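As the structure is a computational prediction, the values presented were derived from the model and not from experiment. Count residues from 1 along the sequence.
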Amino acid sequence: MPNAGIMASAVVSAPPCTDVLAESFDNLSNWTTTAGTPDIRQGYTGTGVGLLGSFTTIDFTIPTLQQSDTITVGFHWKSSTMTSSGPILMLRSDSGATDHTRLNVISDGSIATTIGTSGIATSAAGVLAPNTWAYIEIQAKLHDTAGYHKVRVNGHTIIDISNTDTKNSGTKTVYDTVRLIG
């Protein structure tokens, strides 16, 4: 399996630009392992988390008072290969049961956002490269008609789509869970 989904740090923010979690991954005490065996390892700066294989996942539950319909997540990411396509991050609600926003890495080095498994937008190819650290940031708004996804890689906007449906059924109108996937 490729060495994928290594985050050196992760920051989860909700309006008004308040850090909900600034994670150095010195340990996984803020996260729940939902599948596989994540490990602490060398990251971009300091420590990171290794999520080996496509089924290793960890979840961060956003505290109730900080849950919002708009969330920003930024992290460093590196994979040894670009041979597989799939989600590296999910933004969820309904106590983590409803998968609204997915950030997918495609084998050609592009990034795509989806609502559940339905595509919303895809960047140009070659945005990511094997064995190369990239700082990925996504800001998403959960809404049936006025939702948006904004994705930056190394400070450059690669996806900016607005006034779209980003809510994949469910009953809750705020994000409550961030899932990282190997």
>> Could you check whether any side-chain heavy atom of Thr57 comes within less than 4.5 Å of a side-chain heavy atom of Leu180, counting everything from C-beta outward?
In response: no

>> Do Val153 and Met82 sit in one hydrophobic cluster, given that two such residues count as connected whenever their side-chain heavy atoms are within less than 4.5 Å of each other, even indirectly?
In response: yes

>> Rounded to the nearest 0.5 Å, what separates atom CD in Gln139 from atom CD1 in Ile159?
In response: 13.5 Å

> Do you see a donor-acceptor pair shorter than 3.5 Å between the side chains of His100 and Thr166?
Replying inline: no

>> Ignoring hydrogens, what is the shortest heavy-atom contact between Ala140 and His149? Give both atom names and the distance.
In response: CB-CD2, 3.8 Å

> How far does CG of Asn131 sit from NZ of Lys78, to the nearest 0.5 angstrom?
Replying inline: 6.0 Å

> Same cluster or not: are Ile158 and Leu89 linked, directly or through other Ile, Leu, Val, Met, Phe, Trp or Tyr residues, by side-chain heavy atoms under 4.5 angstrom apart?
Replying inline: yes

> Taking it one step at a time, do Asn104 and Ile88 satisfy side-chain contact (heavy atoms from CB on, under 4.5 Å)?
Replying inline: CA-CA 6 Å; Asn104 299 287; Ile88 60 172; over 6 Å; no

>> Looking at every heavy atom in both Leu103 and Phe75, which two are closest together, and how far apart are they?
In response: CD2-CZ, 4.1 Å

> If you round to the nearest 0.5 Å, how far is CG of Leu91 from CD1 of Ile138?
Replying inline: 5.5 Å

> Between Asn154 (side chain) and Ala134 (backbone), is there a donor-acceptor pair under 3.5 Å?
Replying inline: no

> Got a second to check how far Thr164's OG1 is from Lys141's NZ, nearest 0.5 Å?
Replying inline: 13.5 Å

>> A side-chain contact here means heavy atoms from C-beta on lying under 4.5 Å apart; do Leu65 and Pro63 qualify?
In response: no

>> By the salt bridge (Lys or Arg N to Asp or Glu O under 4.0 Å) test, which pairs, at least two apart or in different chains, include something from residues 117-128?
In response: none

>> Would you say that Thr113 contacts Val151 through its side chain, given a criterion of any heavy-atom pair below 4.5 Å between the two side chains?
In response: yes

> Which pairs count as salt bridge (Lys or Arg N to Asp or Glu O under 4.0 Å) when at least one residue sits in residues 104-126, sequence neighbours excluded?
Replying inline: none

>> Quick check for you: to the nearest 0.5 Å, what is the distance between Ile106 atom CD1 and Ile111 atom CD1?
In response: 9.0 Å

> Heavy atoms, side chains only, cut-off 4.5 Å: are Tyr148 and Thr70 in contact?
Replying inline: yes

> If you look only at pairs with a residue in residues 167-182, which of them pass as a side-chain hydrogen bond (donor to acceptor under 3.5 Å, both in side chains), with sequence neighbours excluded?
Replying inline: Asp59-Arg179, Gln67-Lys172, Asp94-Thr171, Thr101-Tyr175, Lys172-Asp176

> What's the shortest heavy-atom distance between Ser80 and Pro130, and which atoms?
Replying inline: O-CB, 3.6 Å

> Under the side-chain contact (heavy atoms from CB on, under 4.5 Å) criterion, do Val105 and Trp77 qualify, and how do the steps go?
Replying inline: CA-CA 11 Å; Val105 172; Trp77 181 87; 3.9 Å; yes

> Roughly how far, to the nearest 0.5 Å, is the CD1 atom of Ile58 from the CG atom of Asn30?
Replying inline: 10.0 Å

> Would you call the rings of Tyr44 and His76 parallel, tilted or perpendicular if under 30° counts as parallel and over 60° as perpendicular?
Replying inline: parallel

> Between Ile120 and Asp165, what is the shortest heavy-atom contact and its length?
Replying inline: CD1-O, 3.9 Å

> Are the side chains of Ser68 and Ile71 in touch, meaning some heavy atoms are under 4.5 Å apart?
Replying inline: no

> Just wondering, do Arg92 and Thr98 contact through their side chains at under 4.5 Å, heavy atoms?
Replying inline: no

>> Just to verify, what does Asp144 make a side-chain hydrogen bond (donor to acceptor under 3.5 Å, both in side chains) with, not counting sequence neighbours?
In response: none

>> Checking the side chain of Ser79 only, and the main-chain atoms of Thr81 only, is there a donor and an acceptor separated by less than 3.5 Å?
In response: yes

> Which atoms form the tightest heavy-atom contact between Gly36 and Thr56, and what is the distance?
Replying inline: CA-OG1, 3.8 Å

>> For Leu28 versus Pro38, what's the shortest heavy-atom pair and its separation?
In response: CD1-CG, 3.7 Å

> Arg102: what forms a side-chain hydrogen bond (donor to acceptor under 3.5 Å, both in side chains) with it, not counting sequence neighbours?
Replying inline: Asp99

> Which pairs with one or both residues in residues 145-157 pass salt bridge (Lys or Arg N to Asp or Glu O under 4.0 Å), sequence neighbours excluded?
Replying inline: Glu137-Arg152, Lys150-Asp160

